[in-house]
Each structure stands twice: as structure tokens, then as C-alpha cells.
Amino acid sequence: MADNMSLPSAPLPAQGGDGGSLRSQPNMLLQAEGLHTYYGVSHILHGVDFSVRRGETIGLMGRNGMGKSTLLKSMLGLVRPKQGTVRVRGEDMTQAAPHAIARRGVAYVPEGRGIFPNLSVRENLVMAARAGADGRREWGFDRVMATFPRLGERINNGGAQLSGGEQQMLTIGRALMTNPDLLILDEATEGLAPLIAREIWNIIKTIRASGIATVIVDKNYGAVMALADRSVVLVKGRVVFSGSSGELSDNEELMHRFLGV
Ligand SMILES: Nc1ncnc2c1ncn2[C@@H]1O[C@H](COP(=O)(O)OP(=O)(O)OP(=O)(O)O)[C@@H](O)[C@H]1O
Ligand SMILES: [Mg+2]
């Protein structure tokens, strides 16, 4: 994707630590550093670093309960980390509300489905529409319809009348209507029949090719690694691997030790 962002013409004041280096990285969309997150007294994330650059596809993997969803929520303002920082486009958003982070171009498709069951497919999509963080309106109703022909056949159906796969498509369609720079997908294919799951994977490929950065959490590690530029693996709330997907998929010992496959 063409990157039209440029550094500010006036030099920024020199800063110590990572803040300074971040400001000189205009391609950085999301950067978490040293996150520690708790639920009550349970210490879930133990100093996690995670970053996404413009246009990147990142696979976030780990077995059940290792902290993947907690990491996503900690970066999205849905769960407050006790320690660490979250920056969106270089700006400190650690204490920001979820909608403020979304406004800066980060869309989130949570585990389970996020649609309005009493509204039609059309209404679900139209009410989500807005320009991207930089004013772009590349994604609108027609493009989402073209990407999800199946939704076109159900355009006046209520959300509750859709199949699981169609609801998931609608959830992703709603996220695209916000013209995000980054789309975060948590278990988008969970519980779907293989054929529908394959459709979702093809849609994720289309989204990736359109230049939107993606973070993909999915139990289908093979599919994740085939798409991701970089893979990150969590074990008990710690990053145990961060590197090229090929490096991970080619290493049977790591795959077994970290992912149990
Ligand atoms: N709201 C909560 N309150 C208390 N503990 C929680 C809460 N949500 C998650 N946990 C615990 O935090 C740990 C990490 O959970 P998390 O949902 O982040 O894992 P995950 O890697 O996304 O797992 P899965 O693959 O099953 O979705 C687990 O031990 C889980 O039981
Ligand atoms: Mg999860």
C-alpha cells in the first residue's frame, strides 16, 4: 500500500526512552510495551511487547487461556493493564476509552459475534459507516456487498436470522465500514463449518491485499501462518516467539513446545 504519511516538518523535541524512537516511526500503527494485566489477583500478562506496522499481517497464537484475548483487550481499552503503555499511531492511548482507539483506525472483531440481531443486514452495515482516521472512505456499503456476496442475498434479513458464518461476515463487514487501518480478528472462524471458514479466510486475504493491517487469532495455526508476515506466540502471558511465520512453521520442535501440535 502506498504510504503517504511523512514526518512532521518541524523536528520533535528529543525524548529519552522509547517515546522518542516511536515518534520517528510513522509506520507504527499499534505498539504495546511491557504490558502487565490482571483479573483481580490473577496475573495474566507478564510484560508483553507487541507491535503492528502499517499493512502488516500478524498471527497471534497460543493455546487456550494463554492470554491472547486479554492482550487484544488490553490494547483496545477494554481491559486496563496495570503496567505498560499502549500507543496508537505514536500517541499514548494506555488510558483511552475503546471508542477513542477505534476512532484512530483500529477495528476489532471480538470472540463471539458483534452484530445487532434486531436490525437488518443493511442497517447493521450502514450504522457502522464512517471515514477512516485520515478521512479515507475506501470502504462503503457497495464495496462490502461486493466482498460478501452472501450478505447481499440477505440484505433485508434481521441479524438474528443469519447463520453463524453470515453473522461473522456481517461483523467483519461492519468493521470494514469504519475504514480501519488495522483490523483485529479474534477467532473469526471459530465454530464455523469448514466451507464457511474457508470463505472467511479468503475474505481475510482480500482485506490484507487491500492494505489494511491485520492481527489474526485463530486455532487454525496453519492458515494463520500461511497468511501472516510475522507470528507471535504467547505462553502463560509471555511472548515466547516473535519472528517470521516460516521460521516458526518450519520448526517442529517449537511448534510442539509452544502450540502442542
Ligand atoms: N474476565 C475474566 N476474569 C477472570 N479471568 C479471566 C477473564 N478472562 C479471561 N480470564 C483468564 O485469563 C487467562 C487468559 O485468558 P484469555 O481469554 O486471554 O486467553 P486466550 O489465549 O484468549 O484463550 P482462548 O484460546 O481460550 O480464547 C485464562 O486463564 C482465563 O481463564
Ligand atoms: Mg481468546
Side-chain angles (χ1 to χ4, degrees), residues 30-52 57-86 93-98 101-102 106-115 164-165 167-169 171-172 174-175 180 182-194 196-197 200-201 204 213-228 230-243 245 248-249 254-261:
L30 179 64
Q31 183 156 47
E33 285 179 317
L35 293 187
H36 286 264
T37 298
Y38 293 70
Y39 292 117
V41 294
S42 307
H43 192 170
I44 307 297
L45 298 185
H46 299 261
V48 172
D49 295 339
F50 189 84
S51 63
V52 188
T57 300
I58 301 195
L60 175 58
M61 294 185 285
R63 291 147 95 161
N64 287 324
M66 292 302 179
K68 304 179 296 295
S69 298
T70 302
L71 171 58
L72 300 182
K73 289 175 191 165
S74 300
M75 296 189 293
L76 292 163
L78 295 164
V79 168
R80 289 283 163 229
K82 193 173 248 181
Q83 206 183 310
T85 55
V86 176
M93 301 293 281
T94 315
Q95 301 299 329
I101 292 169
V106 182
Y108 170 50
V109 174
E111 286 176 290
R113 316 259 134 81
I115 60 165
Q167 289 190 18
Q168 193 58 267
M169 289 177 193
T171 309
I172 298 172
R174 281 177 53 82
L182 169 60
L183 178 63
I184 297 179
L185 298 154
D186 196 356
E187 312 275 6
T189 69
E190 192 171 37
L192 300 183
I196 301 286
I200 300 273
W201 282 112
I204 297 172
T214 50
V215 173
I216 308 171
V217 175
D218 202 284
K219 296 274 146 49
N220 185 342
Y221 300 137
V224 173
M225 288 185 295
L227 264 180
R230 210 146 53 76
S231 288
V232 175
V233 182
L234 287 182
V235 172
K236 294 185 181 162
R238 289 185 167 85
V239 174
V240 295
F241 178 90
S242 175
S245 298
L248 179 63
S249 60
L254 288 187
M255 288 297 291
H256 182 70
R257 181 148 46 106
F258 296 152
L259 298 167
V261 293

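For ligands, and for the atoms within them, numbers begin at 1 and follow the listed sequence.
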Can you find a heavy atom in the side chain of [X] that is under 4.5 Å from one in the side chain of [Y]?
| X | Y | value |
| --- | --- | --- |
| Val224 | Trp201 | yes |
| Met61 | Leu248 | yes |
| Val233 | Leu259 | yes |
| Arg257 | Val235 | no |
| Ile172 | Ile200 | yes |

- Note on the structure: In Glu111, the N/O/S atom nearest the Mg ion (ligand 2) carries the name OE2
- Query: With a 4.0 Å cut-off on heavy atoms, is Lys73 touching ligand 1?
  - Reply: no
- Does Ser42 come within less than 4.0 Å of ligand 1, judged by its heavy atoms? no
- Task: May I ask you to check if any N/O/S atom from Ser69 comes under 2.8 Å of the Mg ion (ligand 2)?
- Result: yes
Where is the nearest protein heavy atom to [atom]: which residue, which atom, and how far?
| atom | answer |
| --- | --- |
| atom 29 (O) of ligand 1 | Gly65 O, 3.9 Å |
| atom 4 (C) of ligand 1 | Tyr39 CB, 3.4 Å |
| atom 17 (O) of ligand 1 | Ser69 CB, 3.8 Å |
| atom 12 (O) of ligand 1 | Ile44 CD1, 3.3 Å |
| atom 15 (O) of ligand 1 | Thr70 OG1, 3.8 Å |

- Would you check if there is a donor-acceptor pair between the side chains of Thr37 and Ser74 at a distance under 3.5 Å? yes
- Using protein heavy atoms only, decide if any is under 4.0 Å from atom 27 (O) of ligand 1. yes
- Any N or O on Gly62 sitting closer than 3.5 Å to an N or O of ligand 1? no
- Given Lys68, Glu187, Lys236, which one has a non-hydrogen atom that is nearest to atom 21 (O) of ligand 1? Lys68
- Item | Minimal non-hydrogen separation, Leu192 against Ala197, with atom names | CB-N, 4.3 Å
- Closest heavy-atom pair, Ser245 versus Ser231, reported as atoms and distance to 0.1 Å, is OG-OG, 2.9 Å
- Query: Taking only heavy atoms of Lys219, which atoms of ligand 1 are found under 4.0 Å from at least one of them?
  - Reply: 25 (O)
- Task: Below 4.0 angstrom from a heavy atom of Glu111, which ligand 1 atoms are there? Numbered from 1 as shown, please.
- Result: 27 (O)
- Message: I'd like to know if the side chain of His43 and the backbone of Leu45 have a donor-acceptor N/O pair within less than 3.5 Å.
- Response: yes
